[in-house]
Asker: 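Structure incoming, see below.
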Amino acid sequence: MQRIRLRYTKRGRLRFTSHRDFQRAFERALRRAEVPMAYSAGFTPHPKVSYANAAPTGTGSEAEYLEIQLTQERDPATLRALLDASLPAGLDVTDAVEARTSGLADRLQASVWEIRLDGVEPAEAERAAAAFLTAEEVQVERRTKNGMRAFDARAAVRALEASAADGDRPDGGACAILRLVVRHVTPAVRPDDVLSGLRAAADLAPPVPAAVTRLAQGLLDEETGAVTDPLAPDRDAATAAPPTAAGPRAATAPSGGNPAGAGHGTA
């Protein structure tokens with residue numbers, strides 16, 4: 001058995017794709033690319049795919065991760081290109097490595113988020129961010145399947161800063177960008193929880209819905225606040241591994257599959 005870890009994106013309109021919709025699209029891509037998937041046992045076998053910390057529906061992402069298990073070995077780079085060509089534009093597979101270490105999910109300790117606030121003056125966003133960071137705690141509420149739940153949105157935020165950006169609105173109005181680093185805790189603190197916290201702590205209320213994008217997720221360096229690539233340990237392990245007698249794996253594309261570098265298909 002071989003395990004491959006993939007990084008993929010949710011861009012443009014595809015940010016509104018639910019996790020279940022993505023699962024269906026990805027399983028179709030696996031079939032189109034003729035990936036030799038391992039399947040679970042039982043009456044309804046499913047391809048062995050492990051999804052890790054998917055972004056909420058409605059948010060974009062440059063850093064989603066999953067792991068697949070294969071019955072035959074494949075070159076990760078070739079597999080990445082075949083799957084990317086089999087997914088719709090916006091769901092883009094941007095990286096692939098062979099899993100040589102354990103605990104991918106454990107390495108997803110924090111996320112870097114960008115929140116675009118059209119109609120908000122940068123100075124107002126800076127004031128709100130400062131008030132949020134100064135507070136010892138910021139209580140917010142979120143509706144869950146068990147009803148409303150209150151929790152502290154402040155403790156999970158490692159960093160929060162505001163800056164100016166060009167507005168997208170026809171009237172050429174102001175636009176502020178919030179960039180934040182959020183630890184993955186329980187209960188999870190999402191970007192919309194931070195926005196609720198900014199409203200509670202500083203009365204910040206954007207006139208239009210915010211555009212949210214995850215820029216990165218991975219290991220958190222508590223000293224610097226940096227979030228590092230969770231696939232780096234697998235690449236390092238591959239570099240350190242001694243060469244085998246058989247030499248490197250052939251980059252074999254399945255018969256009938258799309259050639260590497262081909263354009264996107266449709267889901």
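Side chains included, hydrogens not; waters and symmetry mates left out as well; all remaining heavy atoms used.
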Asker: Counting C-beta onward and ignoring hydrogens, is there a side-chain heavy-atom pair between R3 and Q69 closer than 4.5 Å?
Answerer: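 Yes, at least one pair of side-chain atoms sits under 4.5 Å.
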Asker: Identify whether V182 and F151 are in the same connected component of the hydrophobic contact network (ILVMFWY, side-chain heavy atoms under 4.5 Å).
Answerer: yes
Asker: Begin with the C-alpha distance, continue with both residues' side-chain angles, and end with the deciding distance and a verdict on side chain to side chain contact (heavy atoms under 4.5 Å, CB included) for F22 and L66.
Answerer: CA-CA 12 Å; F22 172 77; L66 60 81; 3.8 Å; yes
Asker: Is it true that the side chains of R190 and T59 contain a donor and an acceptor less than 3.5 Å apart?
Answerer: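 Absent: no donor and acceptor within the cut-off.
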Asker: Working to the nearest 0.5 angstrom, can you tell me the gap between I115 CD1 and L180 CG?
Answerer: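 I115 CD1 to L180 CG: 4.5 Å, rounded to 0.5 Å.
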Asker: Nearest heavy-atom pair of R183 and A155: which atoms, and what distance?
Answerer: NH1-O, 3.2 Å
Asker: Please find the pair of heavy atoms, one from V140 and one from D193, that lie closest to each other, and give the distance.
Answerer: CG1-O, 3.7 Å
Asker: For L87 and V93: C-alpha separation, side-chain torsions, deciding distance, then whether side chain to side chain contact (heavy atoms under 4.5 Å, CB included) applies.
Answerer: CA-CA 8 Å; L87 285 166; V93 183; 3.7 Å; yes
Asker: Would the F26 and Y8 ring centres measure less than 6.0 Å apart?
Answerer: no
Asker: Are the side chains of L178 and V194 in contact, using a 4.5 Å heavy-atom criterion?
Answerer: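 No, too far: nothing below the 4.5 Å cut-off.
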Asker: Taking all non-hydrogen atoms of both residues, which atom of G218 and which atom of P230 are closest, and how far apart?
Answerer: CA-CD, 4.1 Å
Asker: One pair to check against side chain to side chain contact (heavy atoms under 4.5 Å, CB included): R31 and M37. What are the steps and the verdict?
Answerer: CA-CA 9 Å; R31 293 192 294 270; M37 288 296 300; over 6 Å; no
Asker: Are there more than 12 heavy atoms of other residues, nucleotides or ligands under 6.0 Å from atom CD of E222?
Answerer: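 Counting neighbours around CD of E222, more than 12 heavy atoms of other residues, nucleotides or ligands fall under 6.0 Å, so yes.
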Asker: Below 4.5 Å, heavy atoms only, C-beta onward: do P76 and V97 meet side chain to side chain?
Answerer: no
Asker: Find the distance between CD (E62) and OG1 (T94) and round it off to the nearest 0.5 Å.
Answerer: 7.5 Å
Asker: Kindly indicate whether the side chain of H184, heavy atoms from C-beta on, has any atom under 4.5 Å from the side chain of S111.
Answerer: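 H184 vs S111: side chains touch.
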Asker: Taking C-beta and beyond as the side chain, do V227 and R158 meet within less than 4.5 Å on heavy atoms?
Answerer: no
Asker: Q217 and A52: which non-hydrogen atoms are nearest, and at how many Å?
Answerer: NE2-O, 4.3 Å
Asker: So which of D234, D95, D229 actually passes salt bridge (charged side-chain N to carboxylate O under 4.0 Å, His left out) with R5?
Answerer: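 That would be D234.
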